[in-house]
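One structure is given here, and the rest of the page talks about it.
First the proteins, then the strands, lettered A, B, ... as listed; each starts at 1. These numbers were taken from a predicted model, which means no experiment stands behind them.
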Amino acid sequence: DAKTTQPTSMDCAEGRAANLPCNHSTISGNEYVYWYRQIHSQGPQYIIHGLKNNETNEMASLIITEDRKSSTLILPHATLRDTAVYYCIVRVDGSGYALNFGKGTSLLVTP
Amino acid sequence: DTEVTQTPKHLVMGMTNKKSLKCEQHMGHRAMYWYKQKAKKPPELMFVYSYEKLSINESVPSRFSPECPNSSLLNLHLHALQPEDSALYLCASSQGSMNTEAFFGQGTRLTVV
């Protein structure tokens, strides 16, 4: 499985952009990058995913480098409710397309 | 409807009890998953069902027994659990492809006493 590396924790001021990095240097050509977040004691929430192009939705933007070895999740205007653990996951072929979670980044948005 | 419903939300059981966790989705998803999450740890995959058949068992002890009665339902039967099995149990479902997201339920908080 392609492994991901994320910083353990990050802080962001409310109203500012939160940029969460992820390294996935062993990713294969057909594997997607997914981002989920988990607010304390709730189920993980889907944010966004991409293959090689940058993606944007109502929650966030995903920037994937040209070599696909890293990506950045951008929350454009962070709010206190964005405080959560953010997981970057490389979804592999087969294995029922299960999501295998790494340790994630604990994001704290401060007033 | 993009909801995965898990019941019960909380469960306390003794080590000699038998109980079941239930998960339901009505999105027509063909893959369903059970995860276990201990405090301050990421979710760990336990089982994968694909088209109602067990496709992955991540070396889970036999005191956890999954069942998929139909394409919308997923159960996890619990028997003779240990206190260290106390955790948040999460269910998820997806179309079973690389390019479609998985949806998670809110979990069952299990305490074994």
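In the hydrophobic clustering of ILVMFWY residues, with side-chain heavy atoms under 4.5 Å counting as a link, B/Met15 and B/Leu11 come out together. Under the 4.5 Å side-chain heavy-atom criterion for ILVMFWY residues, a single connected hydrophobic cluster contains both A/Met59 and A/Leu80. The hydrophobic cluster containing B/Met46 does not contain B/Val4, counting ILVMFWY residues as joined when their side-chain heavy atoms lie under 4.5 angstrom apart, directly or transitively. In terms of hydrophobic clustering, with Ile, Leu, Val, Met, Phe, Trp and Tyr side chains grouped at heavy-atom distances under 4.5 Å, B/Leu73 and B/Leu76 are assigned to different clusters. Hydrophobic clustering (ILVMFWY, side-chain heavy atoms < 4.5 Å, transitive): B/Leu45 and B/Tyr49 are in distinct clusters.
Scanning both residues, B/Pro43 and A/Phe101, for their nearest heavy atoms gives O-CB, 3.6 Å.
The parts of A/Tyr32 that come within reach of chain B are both its backbone and its side chain, each placing non-hydrogen atoms under 4.5 angstrom from that chain. Only the side chain of B/Arg109 comes within less than 4.5 Å of a heavy atom of chain A; its backbone N, CA, C and O stay farther away. Of the two parts of B/Gln37, only the side chain, counted from C-beta on, holds a non-hydrogen atom closer than 4.5 Å to a non-hydrogen atom of chain A. Residue A/Ser106: no heavy atom, backbone or side chain, is found under 4.5 Å from chain B. Using a 4.5 Å cut-off between heavy atoms, B/Lys41 contacts chain A through its backbone alone, with no side-chain atom that close. Using a 4.5 Å cut-off between heavy atoms, A/Gln38 contacts chain B through its side chain alone, with no backbone atom that close.
Contacts with chain A (heavy atom to heavy atom, under 4.5 Å) involve no residue of residues 57-69 of chain B. Proximity to chain A among residues 88-104 of chain B is limited to B/Leu88, B/Leu90, B/Ser94, B/Gly96, B/Ser97, B/Met98, B/Asn99, B/Thr100, B/Glu101, B/Ala102, B/Phe104, judged by heavy-atom separations below 4.5 angstrom.
Heavy-atom contacts from other residues, nucleotides or ligands closer than 6.0 Å to CD of B/Glu44 number 12 or fewer. The number of heavy-atom neighbours closer than 6.0 Å to NZ of B/Lys38, taken from other residues, nucleotides and ligands shown, is above 12.
Atoms CD and CD, from A/Gln45 and B/Gln106 in turn, are 9.0 Å apart once rounded to the nearest 0.5 Å. In this structure, OH on B/Tyr35 lies 4.5 Å from CG on A/Leu99, to the nearest 0.5 angstrom.
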